[in-house]
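Basis for what follows: all heavy atoms, side chains included, without hydrogens, waters or symmetry-related copies. Note that this is a predicted model, so its numbers are computed, not measured.
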Amino acid sequence: MAEKCDSDDGMDEFMDKFKTQRYKNAFSENSWEEEFNKVPMFMKTAPEEIDSKQYPELACLQAIIHDEDRPPEEQAKSLKDEGNQFFKEKNYQKAILAYTAGLKKKCGDQDLDTVLLTNRAAAHFHLGNMRSALNDAAAAKKIKPDHLKAIIRGVQCCIELRIFAEAVQWCDEGLKVCPTDKKLLELRVAADKLKRAAERDARKANAKEKKLHGEKEALLAAIKLYFEDEKKETLHQVKPETTLLEVLQHKRFFVKAGTPSFIVLVNGSSFWKQFLTGKKIQGL
């Protein structure tokens, strides 16, 4: 007859006890999801403010992360991880603060500083801070010229800022490092297309501006402007570049019924010649 084997670790006794007695530290049946979410490992999102009484485990982890006695590199890495978690939760403002705190540790690890700058650039990008994002991407590229993520982020920032020539330049620098990168090749085509379109639009706008300027000059040359001094029966010719304020300040200009009045004639027309016959004309 086979002998019954005793459990060396007391598991049988524990299981028998577990069947009849409620585990003291078990989650509540009614609020187990809320309690489960307070465990740092299983949190979906971190609370805005960490209360040590409400979240003792999380407060403990925070204290470890920000322990100033640890080497700067360890602190910077922990802050990077904290920033990454905020980034995943789309809390980009807090992610930026974490990455910035990590950079302030000045740990001397160029790879880590490059990642912190690139990640902070991504957070700024998602908040629409394109100039700050571009500055961070440029700083990361300065440390590691072959850091592809920083280069791609720089290209995207340039495109958003509509500085397409710089976007093309970033792409070309990146393709020297990685000539076959699919993302960079796509961005290079897009940036070049946008650059050409912007240059075409600029040429059209410049041509239109020149045309309007020419039409304005032609119009000013075609008309003559006067105001009348009725008391002295004299016309005062107004130069095109004279401002309304200068005319209003003239001692012989009078405003009637609250409205400044002028005589506008077509230069060289028969009416212009007829109207001026026998009239005294003075310049301003």
Side-chain angles (χ1 to χ4, degrees), residues 92-93 96-97 100 120-121 123-139 142 153-171 187 190-284:
Y92 303 119
Q93 291 281 13
I96 289 170
L97 292 176
T100 302
R120 191 171 71 176
H124 275 304
F125 184 87
H126 283 282
L127 287 175
N129 304 331
M130 296 304 162
R131 183 57 64 179
S132 295
L134 180 58
N135 289 340
D136 278 346
K142 186 175 181 180
R153 185 63 66 191
V155 176
Q156 293 171 330
C157 291
C158 288
I159 290 175
E160 290 295 326
L161 290 167
R162 299 187 64 79
I163 44 179
F164 304 123
E166 289 188 32
V168 171
Q169 184 178 347
W170 274 74
C171 286
L187 286 171
D192 187 62
K193 184 177 180 180
L194 290 167
K195 175 176 173 287
R196 292 175 184 276
E199 290 172 345
R200 182 182 64 247
D201 291 343
R203 287 194 298 271
K204 287 182 177 179
N206 188 47
K208 183 177 181 181
E209 185 178 353
K210 284 184 177 180
K211 181 181 178 182
L212 291 173
H213 181 73
E215 291 175 351
K216 180 181 178 182
E217 290 295 320
L219 177 62
L220 291 175
I223 63 174
K224 294 294 181 180
L225 188 65
Y226 307 88
F227 71 82
E228 187 175 14
D229 181 356
E230 294 181 355
K231 290 184 178 180
K232 292 191 174 184
E233 298 181 348
T234 303
L235 292 176
H236 292 266
Q237 185 174 352
V238 181
K239 295 180 180 179
E241 63 271 17
T242 306
T243 65
L244 177 60
L245 178 61
E246 290 173 333
V247 175
L248 293 174
Q249 290 174 338
H250 193 277
K251 62 183 180 180
R252 302 308 305 168
F253 187 85
F254 300 96
V255 177
K256 296 181 180 179
T259 304
S261 300
F262 295 92
I263 298 170
V264 182
L265 303 173
V266 177
N267 187 27
S269 66
S270 57
F271 181 80
W272 171 70
K273 294 177 181 178
Q274 180 182 353
F275 183 82
L276 297 180
T277 300
K279 291 186 171 61
K280 298 177 182 179
I281 302 174
Q282 293 183 2
L284 290 185

Should the heavy atoms of other residues, nucleotides or ligands under 6.0 Å from CD of Glu241 be counted, would the total exceed 12? yes
Check: Lys256 and Glu230 side chains under 4.5 Å, non-hydrogen atoms: yes
On a heavy-atom basis, the closest approach of Pro260 and Val255 is N-CG1, 4.0 Å
Tell me, yes or no, whether the heavy-atom count around Arg162 atom CZ, taken from other residues, nucleotides or ligands under 6.0 Å, exceeds 12. no
Close side-chain approach of Ile281 to Tyr226, heavy-atom, < 4.5 Å: yes
Tell me, please, whether Phe275 has Lys224 positioned over its six-membered ring: NZ or CZ under 6.0 Å from the ring centre and within 45 degrees of its axis? no
For residues Ile223 and Leu225, determine if any side-chain heavy atom of one lies less than 4.5 Å from a side-chain heavy atom of the other. no
Report the C-alpha separation of Glu160 and Phe125 in whole Å, then their side-chain angles, then the decisive distance to 0.1 Å, and conclude whether the side chain to side chain contact (heavy atoms under 4.5 Å, CB included) test is met. CA-CA 9 Å; Glu160 290 295 326; Phe125 184 87; 4.0 Å; yes
Within the structure provided, determine whether Asp192 and Phe164 are in side-chain contact (heavy-atom separation under 4.5 Å). no
Gap separating the NZ atom of Lys208 from the NZ atom of Lys211, nearest 0.5 angstrom: 9.0 Å
Return the NZ to NZ distance between Lys232 and Lys280, rounded to the nearest 0.5 Å. 9.5 Å
How are the rings of Phe227 and His250 set to each other: parallel, tilted or perpendicular (split at 30° and 60°)? perpendicular
Which atom of Ala165 lies closest to which atom of Lys195, heavy atoms considered: CA-CD, 3.9 Å
His124 side chain near Arg131 side chain, heavy-atom distance below 4.5 Å: no
If we only count heavy atoms from C-beta on, is the Leu97 to Gln93 side-chain gap below 4.5 Å? no
Side chain to side chain, Trp170 and Val155, heavy atoms closer than 4.5 Å: yes
Counting neighbours of NZ on Lys193 that are heavy atoms of other residues, nucleotides or ligands and sit closer than 6.0 Å, is the number greater than 12? no
Minimum-distance pair of heavy atoms, taken over all atoms of Leu187 and Cys171: C-SG, 3.8 Å
Measure the spacing between CH2 of Trp272 and CG of Asn267 and express it to the nearest 0.5 Å. 5.0 Å
Within a strict 4.5 Å, meaning less than it, do heavy atoms of the Tyr92 and Asn129 side chains meet? no
Just wondering, more than 12 heavy atoms not from Glu215 lying within 6.0 Å of its CD? yes
List the atom of Thr242, the atom of Glu246, and the distance in Å for their closest heavy-atom pair. CG2-OE1, 3.3 Å
I'd like to know if the side chain of Asn206 and the backbone of Ala202 have a donor-acceptor N/O pair within less than 3.5 Å. no
Taken to the nearest 0.5 Å, the spacing of His213 NE2 from Lys210 NZ works out to 10.5 Å
Looking at CD1 of Ile163 and CD of Gln169, how far apart are the two atoms once the value is rounded to the nearest 0.5 Å? 10.0 Å
Which heavy atom of Lys273 sits nearest to which heavy atom of Gly268, and what is that distance? CE-O, 3.8 Å
To the nearest 0.5 Å, atom CD of Gln282 lies from atom CG of Asp229 at 8.5 Å
Minimal non-hydrogen separation, Arg153 against Ala121, with atom names: CG-CB, 4.0 Å
